[in-house]
Amino acid sequence: MKLLLHTCCAPCLIYPLEKLREKGYKVTGLFYNPNIHSFGEYKNRKQAVESFAIISGAEIVYPAYSPADFFRAVNLKEEKPERCFICWELRLRKTAKFAKENGFAYFSTTLLVSPYQDQDALREIGARVARDESIEFVYEDFRGGFRDAYDKAKQLGLYQQKYCGCVYSEIERYKGK
């Protein structure tokens, strides 16, 4: 039961990886996040995933960083929540295509652990992408493990970001203060 897990960051990987392994999935991560801004932020998050992969024995695939993918997708649709839906679909579609091309039977995402993400929209987007790409989306509400995973990430000294990832969410973060 090979499953490709879209991986947004190390803290969000901890709990879904554990739960999916317990269910018998052979999990490989895909760190595809063209939304992350700036390049320094991207490098911090990638390095944290690389560190956790060593600790957990997780195999992670790292496609090239391509912020143009994100900006093309959300061009003139930068407002929340529309840009978020577009961004999630972009990343889940890439995950599903990669999974199908590389012999995975299933795909999912670590976004499902975050209490800050719209679970209904993620489930709907995952199901639509699964139909389009003819591969099975594994939906599970992992939010119950969010706090413990972030505590574990802190204990492990893993980088913990302060915003979703895109430049627009960073701006919203500072405007909120």
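What you see is a predicted model; the values in this text were computed from it and never measured.
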- prompt: Are Glu170 and Lys162 ion-paired here, with the side-chain N under 4.0 Å from a carboxylate O?
  reply: no
- request: Over 60° means perpendicular and under 30° means parallel, so classify the ring planes of Tyr15 and Phe142, tilted if in between.
  value: perpendicular
query: Looking only at atom types and distance, does a side-chain atom of Ser56 sit under 3.5 Å from a main-chain N or O of Ile54, one as donor and one as acceptor?
result: no
message: Tell me whether Asn33 contacts the main-chain N or O of Ile36 through its side chain, where contact means a donor paired with an acceptor under 3.5 Å.
response: no
statement: Between the OG atom in Ser51 and the CG atom in Leu158, the distance rounded to the nearest 0.5 Å is 6.5 Å
message: Is there a side-chain contact between Arg143 and Gln117 in this structure, where contact means two heavy atoms from C-beta onward sitting under 4.5 Å apart?
response: no
- line: Tightest non-hydrogen contact, residues Ala10 and Val49, listed as N-CG2, 3.4 Å
- prompt: Which pair of non-hydrogen atoms, one from Ile135 and one from Ala105, has the smallest distance, and what is that distance?
  reply: CG1-O, 3.4 Å
task: I would like to know whether Tyr25 and Leu5 meet side chain to side chain contact (heavy atoms under 4.5 Å, CB included); could you show each step before the answer?
output: CA-CA 10 Å; Tyr25 290 102; Leu5 182 63; over 6 Å; no
query: Does the side chain of Thr95 come under 3.5 Å of the side chain of His6 through a donor N or O and an acceptor N or O?
result: no
- request: Quickly, which of Thr109, Leu20, Leu112, Leu4 forms a side-chain contact (heavy atoms from CB on, under 4.5 Å) with Val138? Name it, please.
  value: Leu20
query: For Phe39 and Tyr65, what are the C-alpha separation, side-chain angles and deciding distance, and is it a ring-ring contact (aromatic ring centres under 6.0 Å, His included)?
result: CA-CA 9 Å; Phe39 185 59; Tyr65 177 56; 5.4 Å; yes
- request: Measure from NZ or CZ of Arg123 to the centre of the six-membered ring of Tyr139, then state whether that distance is under 6.0 Å and the direction lies within 45° of the axis.
  value: yes
Geometric cation-pi criterion Lys46 and Tyr62, 6.0 Å radius, 45° cone: yes
field: Side chain to side chain, Cys87 and Phe70, heavy atoms closer than 4.5 Å
entry: yes
- request: Show the numbers, then the answer: is there a side chain to side chain contact (heavy atoms under 4.5 Å, CB included) between Glu140 and Lys23?
  value: CA-CA 12 Å; Glu140 184 167 338; Lys23 291 184 174 202; 2.7 Å; yes
- prompt: Using a distance-only test with no angle check, is there a side-chain donor-acceptor pair under 3.5 angstrom linking Asp69 and Tyr32?
  reply: yes
- line: CD1 of Ile86 to CG of Leu90, rounded to nearest 0.5 Å, is 9.5 Å
message: Does Lys77, at its NZ atom, have more than 12 non-hydrogen atoms belonging to other residues, nucleotides or ligands within less than 6.0 Å?
response: yes
Test: Arg91 cationic atom under 6.0 Å from Phe31 six-membered ring centre, within 45° of axis: no
- prompt: Do Thr28 and Lys2 have side-chain heavy atoms sitting under 4.5 Å apart?
  reply: no
task: Take the angle between the ring planes of Phe107 and Phe137 and call it parallel below 30°, perpendicular above 60°, tilted in between.
output: tilted
field: Nearest heavy-atom neighbours spanning Gln160 and Pro11
entry: CG-CG, 3.9 Å
statement: Scanning both residues in full, the closest heavy-atom pair of Thr110 with Cys12 reads CB-O, 3.4 Å
- request: May I ask you to say whether Lys175 pairs ionically with Glu172, meaning some side-chain N is under 4.0 Å from a carboxylate O?
  value: no
task: Find the distance between CG (Asp151) and CZ (Phe146) and round it off to the nearest 0.5 Å.
output: 10.0 Å
- request: Drop me the distance from Leu156's CG to Ile14's CD1, to the nearest 0.5 angstrom.
  value: 6.0 Å
field: Arg128 atom CZ: more than 12 heavy-atom contacts under 6.0 Å
entry: yes
- request: For Tyr159 and Glu41, test the side chains for any donor-to-acceptor distance below 3.5 angstrom and give the result as yes or no.
  value: yes
message: Nearest 0.5 angstrom please: Phe71 CZ to Asn35 CG, how far?
response: 9.0 Å
field: Rounded distance [0.5 Å steps], SG in Cys8 versus CG in Leu111
entry: 4.5 Å
field: Within 6.0 Å of NZ in Lys80, more than 12 heavy atoms from elsewhere
entry: no
message: Starting from Tyr163, can I reach Tyr168 by hopping between I/L/V/M/F/W/Y residues whose side chains sit under 4.5 Å apart?
response: no
query: For the side chain of Glu124 and the backbone of Leu122, is there at least one donor-acceptor N/O pair under 3.5 Å apart?
result: no
task: Check for a donor-acceptor pair, side chain of Lys100 on one end and backbone N or O of Ser134 on the other, with a separation under 3.5 Å.
output: no
field: Note: Glu79-Arg83 ion pair, threshold 4.0 Å (strictly below)
entry: no
query: For Glu78 and Leu76, which heavy atoms make the closest approach, and how far apart are they?
result: OE2-N, 2.9 Å
field: Pairing of Arg93 and Glu133 as salt bridge, 4.0 angstrom limit
entry: yes
message: Looking at every heavy atom in both Gln161 and Cys9, which two are closest together, and how far apart are they?
response: NE2-SG, 3.0 Å
